[in-house]
Amino acid sequence: MVLEEHRRSFITAKDFDFLSRHGINTVRIPVGWWITQDPYPPSPFVGGSLAALDLAFSWAQSYGLKCIIDLHAAPGSQNGMEHSASRDGSVAWPSPEYISQTLEVIDFLATRYGGHPSLLGIELLNEPSAATVTLDVLVSYYMRGYQIVRNHSSTAYVILCQRIGNADPIELFQAGIGLSNVVVDLHYYNLFNPYFATMNSSQNIDFIYKMRAPQLQDLKGMNGPLVFIGEWVNEWDVQNASQYEYQKFGSAQLDVYANATFGWSYWTLKNDMIHWDFEWNIKNKYLLFSGSSMLKTPSFLLLLALGWGIHLIIMPR
């Protein structure tokens, strides 16, 4: 009952109207592997996610938006975190059985939405862990997933997320995965690492310009897949930062990420933590975003919790 009410009220057509009016052209929608067994997924999952995804595609078409379907949780979990549906931190995904099952999920999604006018792309896997998923295993999976999408669509973008942890995204640019409409997804957070814990606001902003901007330029210069900043947020470890400092930090990120050849997406539209909430940031002018100023590249927004459990309302990632 809780999840039914959540899906009925948390994201509505009004949100798609808000996004369209503010210059956003695409939503990135995370789903779990159990969506293939909707409306009766195995315990402990709750049915309704497939109907919610269908509804999102309908709203997107009505308001002129596109959709990226992001496989956020693979069977067995690809990173051991809550948002990949791991209960105990274990990572069992890199096994032939689970990889085969994951490819079936991609086939299900590509079959259902491959011809939909609102589909922009399918992200084959979110944030595989570098500590537990080897590059060889991941590249093999990505190559097979790419072909499955191509079996159903010649134009849908196939999005490959970088490994999280100790891995350089250049590894995916050098892997030669796919022939057309391939995108590499980088997640940029000034969080989740002790490196950022003692930085002040100026140092955080300098990091965006001195580290992130050159990396983007280097990857763009490889003449390979398109570059997508698939997750970022206007939040950091700076304590008691002023509105002006948040504005400067957000503007630096918008300035740099606008150079990504496939655009960017913000995590997330709505959240109980205010700075993770895109809508709150816009309405309260902590993020000085103008859709018209971003037209040199696509601007994308991540949309949370259409097909997910209620725990993702309170989890930032």
For this session: Taking side chain to side chain contact (heavy atoms under 4.5 Å, CB included) as the test, write out the residues that go with Ser95, two or more places apart.
Result: Glu97, Tyr98
Exercise. Excluding sequence neighbours, so at least two apart, what forms salt bridge (charged side-chain N to carboxylate O under 4.0 Å, His left out) with Lys220?
Worked result: none
For this session: Scan residues 49-67 for pairs that pass salt bridge (charged side-chain N to carboxylate O under 4.0 Å, His left out), counting only residues two or more places apart or in two chains.
Result: Asp54-Arg112
For this session: Check whether the ring centres of Trp264 and Tyr188 lie less than 6.0 Å apart, and answer yes or no.
Result: no
Exercise. If you measure only the distance, is there a donor-acceptor pair under 3.5 Å linking the side chains of Trp93 and Thr102?
Worked result: yes
Seminar exercise, completed: Going by chain and number, the hydrophobic cluster around Met211 (ILVMFWY, side chain to side chain under 4.5 Å) further includes Tyr195, Phe196, Met199, Phe207
For this session: For the residue pair His187 and Glu127, confirm or rule out a side-chain donor-acceptor distance under 3.5 Å.
Result: yes
For this session: Give a yes or no on whether the ring-centroid distance for Tyr266 and Phe289 is below 6.0 angstrom.
Result: no
Problem set entry | Partners passing side chain to side chain contact (heavy atoms under 4.5 Å, CB included) against Thr111 (at least two apart in sequence or in another chain) | Asp107, His152
Exercise. Between Trp280 and His275, does the ring centroid distance fall short of 6.0 Å?
Worked result: yes
For this session: Mind listing the closest non-hydrogen atom pair of Gly114 and Leu119 along with its distance?
Result: CA-CD2, 3.8 Å
Seminar exercise, completed: Across all chains, not counting sequence neighbours, the salt bridge (charged side-chain N to carboxylate O under 4.0 Å, His left out) partners of Glu171 are Arg163
For this session: Can you tell me which residue pairs pass the salt bridge (charged side-chain N to carboxylate O under 4.0 Å, His left out) test with a partner in residues 176-202, sequence neighbours excluded?
Result: Arg28-Asp185
Exercise. What pairs meet the salt bridge (charged side-chain N to carboxylate O under 4.0 Å, His left out) rule with one or both residues in residues 204-219, with sequence neighbours excluded?
Worked result: none
For this session: State which residues pass ring-ring contact (aromatic ring centres under 6.0 Å, His included) with Tyr157; sequence neighbours excluded, sorted by chain then number.
Result: Phe262
Exercise. Looking at residues at least two apart in the chain, or sitting in another chain, which of them share a side chain to side chain contact (heavy atoms under 4.5 Å, CB included) with Tyr209?
Worked result: Ile205, Ala252, Asp255, Val256
For this session: Check salt bridge (charged side-chain N to carboxylate O under 4.0 Å, His left out) between Glu235 and all other residues, then give those that pass, not counting sequence neighbours.
Result: none
Problem set entry | Verdict with supporting geometry, Ile164 and Asn79, side-chain contact (heavy atoms from CB on, under 4.5 Å) | CA-CA 8 Å; Ile164 57 171; Asn79 57 37; 4.2 Å; yes
Exercise. Do Asp15 side-chain atoms and Thr12 backbone N/O form a donor-acceptor pair below 3.5 Å?
Worked result: yes
Problem set entry | Residues forming a side chain to side chain contact (heavy atoms under 4.5 Å, CB included) with Gln147, sequence neighbours excluded | Arg150, Asn151
For this session: Evaluate the criterion side-chain contact (heavy atoms from CB on, under 4.5 Å) for residue pair Phe108 and Tyr113; output intermediate values, then yes/no.
Result: CA-CA 9 Å; Phe108 172 87; Tyr113 300 103; 5.6 Å; no
For this session: Compute whether any side-chain donor of one residue and acceptor of the other, for Ser90 and Asp88, lie under 3.5 angstrom apart.
Result: yes
Exercise. Does the ring centre of Tyr189 sit less than 6.0 Å away from the ring centre of Phe192?
Worked result: yes
Problem set entry | cation_pi(Lys270, Phe278) dist<6.0 Å, angle<=45 | no
Exercise. Should we say atom CG of Asn193 is surrounded by more than 12 heavy atoms from elsewhere, each under 6.0 Å from it?
Worked result: yes
